[in-house]
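Note sheet for the following structure.
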Amino acid sequence: MSLPENAVEQFSHCLTDSLIPSADGFSFIKLSLAKYSGNEAGLNKISVRLLEVKGQPHLSFTYHYQTRDVTKNFRIEDGLAQIRTYLDQSQTDSFKSAHLRLQGLETQLLFNKKNEATIQTTAVANTTVVSQAHDREKNRFIDIKRPFLTGLGVTDAQQKLIPAMSRKWKQINKFIEVFQHAFESLKLPTSRPVHVVDFGAGKGYLTFAIHDFLRETLGYTAQVTGVELRDELVKLCGNVVNQLSIQGLGFYQGDVRSYHPEAVDVMIALHACDVATDYALHTGVRLGASIIMCAPCCHKQVRPQIQSPQVLRPMLQHGVHLGQEAEMLTDGLRALLLEACGYETKVFEFVALEHTSKNKMILAIKRESLAKNTAKKAEILSQIESIKAFYGIREQCLESLLIADGLL
């Protein structure tokens, strides 16, 4: 007679079985490893998904650090061996929580302080299976058949992707992927509405997408407002909202200085020119937004103030280098200012959302532990002053706005 499996063995067998292909594909959807207990600095969690590389299934591991994400792909058997190592509490690097999502099933493995494991399995609704092709079709976070995509001209009347919109379709999904990782970390209850403001909404692709993702995929009562200066685009988006009778989504004609929301959980500002980015960031901080997603555009305010340090003058005599330095300096100061206000901040390259080379994103997630750390705040403010003094910067718009409101 065989002995009953313990919780770790049950979880391991469930995971292994989910990666055996059937006529319907794999039952595996995703795996999350959290509550890291190890020596690797800055590592928070690991996300694992299935993809296809050169015709072969692989497990893609995304290592989420405080300031960056690192992705590594493993063959199935190698990936499974790596996961088993991470669940072995006798190892130096281990995780005390594992969440496995399958078709129709969720399984959670938890370890207590004594490293005793418990497992819980829950039946859930099936999720649409998406292709795991790495070299061709990527995972999609928005259903291609959603009506708003047809209304905005991304898909045709048969809900097929219009070829000319393929790049936009990829950009929409990449944006939602970034948002999902940030939003999941907040663990907000679905019982409360989520307020989103999208400054510079343009044609509304991302505004509609985040509204649809929050309501239709995650089950939240989302209240989303797109703010756009061009009246014709506001009317275009408003017509789609009316035609589809979409609830909780609206568009306002104006800009970041004229629209004054009462509450913001998620603040988006993509390609707001120069200091408009600072005004949007200031609005997010002032209203205590949980997530700030910003793709800066233009860096005019700081560039003329730069007094090239002696050691850098041979490089910064070239205009293109001075412009790049101004961009790095401006966005570096913005990121530090957000950290001083209690946000966990990342600056990383992002796909071009409007056919532009401007593909940098500042992602900030509010953390109460950072907001209460006065020593850390003082250290960051000192760093900001040192950087400004080094380059001879007299004023940076976001800093001025935050100081005026007593937020620094």
Side-chain angles (χ1 to χ4, degrees), residues 1-22 25-53 56-127 129-130 132 134 139 177 180-187 344 365 369:
M1 182 176 67
S2 61
L3 296 174
E5 294 181 325
N6 62 34
V8 179
E9 291 172 338
Q10 290 180 46
F11 187 88
S12 180
H13 286 166
C14 184
L15 172 61
T16 302
D17 290 345
S18 73
L19 291 167
I20 299 174
S22 66
F26 297 92
S27 63
F28 177 93
I29 296 177
K30 64 179 180 178
L31 170 70
S32 298
L33 301 175
K35 297 184 179 179
Y36 176 63
S37 175
N39 300 321
E40 192 161 355
L43 181 59
N44 293 322
K45 67 175 184 177
I46 298 176
S47 301
V48 182
R49 65 186 181 93
L50 188 65
L51 54 74
E52 186 179 299
V53 180
Q56 297 297 320
H58 283 63
L59 289 176
S60 180
F61 285 55
T62 301
Y63 296 78
H64 301 280
Y65 294 85
Q66 290 181 356
T67 58
R68 71 191 194 282
D69 290 342
V70 176
T71 299
K72 298 180 181 179
N73 298 331
F74 298 91
R75 294 182 301 173
I76 296 291
E77 57 271 25
D78 295 333
L80 285 171
Q82 188 65 64
I83 293 167
R84 294 189 190 101
T85 300
Y86 287 140
L87 296 179
D88 185 350
Q89 301 303 299
S90 67
Q91 297 295 318
T92 304
D93 287 330
S94 62
F95 292 80
K96 293 189 175 296
S97 171
H99 182 213
L100 175 62
R101 178 69 188 271
L102 310 178
Q103 290 293 334
L105 203 67
E106 284 190 1
T107 299
Q108 181 88 29
L109 179 69
L110 294 172
F111 294 89
N112 61 20
K113 294 181 179 179
K114 297 181 179 179
N115 290 332
E116 298 168 336
T118 58
I119 190 170
Q120 180 177 355
T121 300
T122 306
V124 296
N126 277 337
T127 300
V129 178
V130 296
Q132 286 85 35
H134 179 63
N139 286 345
E177 179 184 4
Q180 182 195 44
H181 287 314
F183 190 77
E184 284 182 342
S185 71
L186 298 177
K187 303 186 184 305
E344 178 186 306
I365 305 173
S369 58

**Request:** Tell me, please, which residues at least two apart from E177 pass side-chain contact (heavy atoms from CB on, under 4.5 Å).
**Result:** F141, K174, H181

**Prompt:** If you take all heavy atoms of V8 and A117, which pair is closest and at what distance?
**Reply:** CG2-CB, 3.8 Å

**Request:** Applying side-chain contact (heavy atoms from CB on, under 4.5 Å), name anything that partners S60, two or more places apart in sequence or on another chain.
**Result:** R49, L51, T71, N73

**Request:** Provide the closest heavy-atom pair for Y63 versus I46 in the form atom of the first, atom of the second, distance.
**Result:** CE2-CD1, 3.3 Å

**Request:** Sequence neighbours left out, what pairs pass ring pair (Phe, Tyr, Trp, His ring centres under 6.0 Å) with at least one residue falling in residues 68-88?
**Result:** F61-F74, Y86-F95

**Complete:** Note: P57 and I76 closest approach over all heavy atoms is O-CG1, 3.6 Å

**Asked** Does S90 have any side-chain hydrogen bond (donor to acceptor under 3.5 Å, both in side chains) partners at least two apart in sequence or in another chain, and if so, which?
**Response** D88

**Asked** Quick one: side-chain contact (heavy atoms from CB on, under 4.5 Å) partners of S97, sequence neighbours excluded?
**Response** A34, K35, Q108, L110

**NE2 on H64 to OG on S185, rounded to 0.5 Å** = 10.5 Å

**Item:** Close side-chain approach of L43 and D93, heavy atoms under 4.5 Å
**Value:** no

**Request:** Could I get the full list of salt bridge (Lys or Arg N to Asp or Glu O under 4.0 Å) partners for D78, not counting sequence neighbours?
**Result:** R75

**Request:** Report the residues that fulfil salt bridge (Lys or Arg N to Asp or Glu O under 4.0 Å) with K72, sequence neighbours left out, ordered by chain and then residue number.
**Result:** none

**Fill in**
For H58 and L50, the nearest pair of non-hydrogen atoms, with its separation, is O-CD1, 3.3 Å

**Complete:** dist Y65:OH -> Y36:OH (nearest 0.5 Å) comes out at 7.5 Å

**Asked** When rounded to the nearest 0.5 angstrom, what distance separates CD in Q89 from CG in N112?
**Response** 9.5 Å

**Request:** Output all residues satisfying side-chain hydrogen bond (donor to acceptor under 3.5 Å, both in side chains) with S12, sequence neighbours left out; order by chain, then residue number.
**Result:** R84

**Request:** Please name all residues satisfying salt bridge (Lys or Arg N to Asp or Glu O under 4.0 Å) with E116, sequence neighbours left out, ordered by chain then number.
**Result:** none

**Item:** From T16 atom OG1 to F28 atom CZ, the distance as rounded to the nearest 0.5 Å
**Value:** 11.0 Å

**Request:** Please identify each residue that fulfils side-chain contact (heavy atoms from CB on, under 4.5 Å) with T107, with sequence neighbours left out.
**Result:** F11, C14, L100, L105, I119, T121

**Request:** Report the distance from atom OG of S47 to atom CG of L33, rounding to the nearest 0.5 Å.
**Result:** 8.5 Å

**Item:** CA sep, side-chain torsions, deciding dist, call: R101, E184, salt bridge (charged side-chain N to carboxylate O under 4.0 Å, His left out)
**Value:** CA-CA 14 Å; R101 178 69 188 271; E184 284 182 342; over 6 Å; no

**Asked** Between the side chains of N115 and K96, does any donor sit under 3.5 Å from an acceptor?
**Response** yes

**Request:** Give every residue pair that meets the salt bridge (charged side-chain N to carboxylate O under 4.0 Å, His left out) criterion with at least one member in residues 56-65, sequence neighbours excluded.
**Result:** none

**Residue pairs passing the ring pair (Phe, Tyr, Trp, His ring centres under 6.0 Å) test where at least one lies in residues 96-120, sequence neighbours excluded** = none

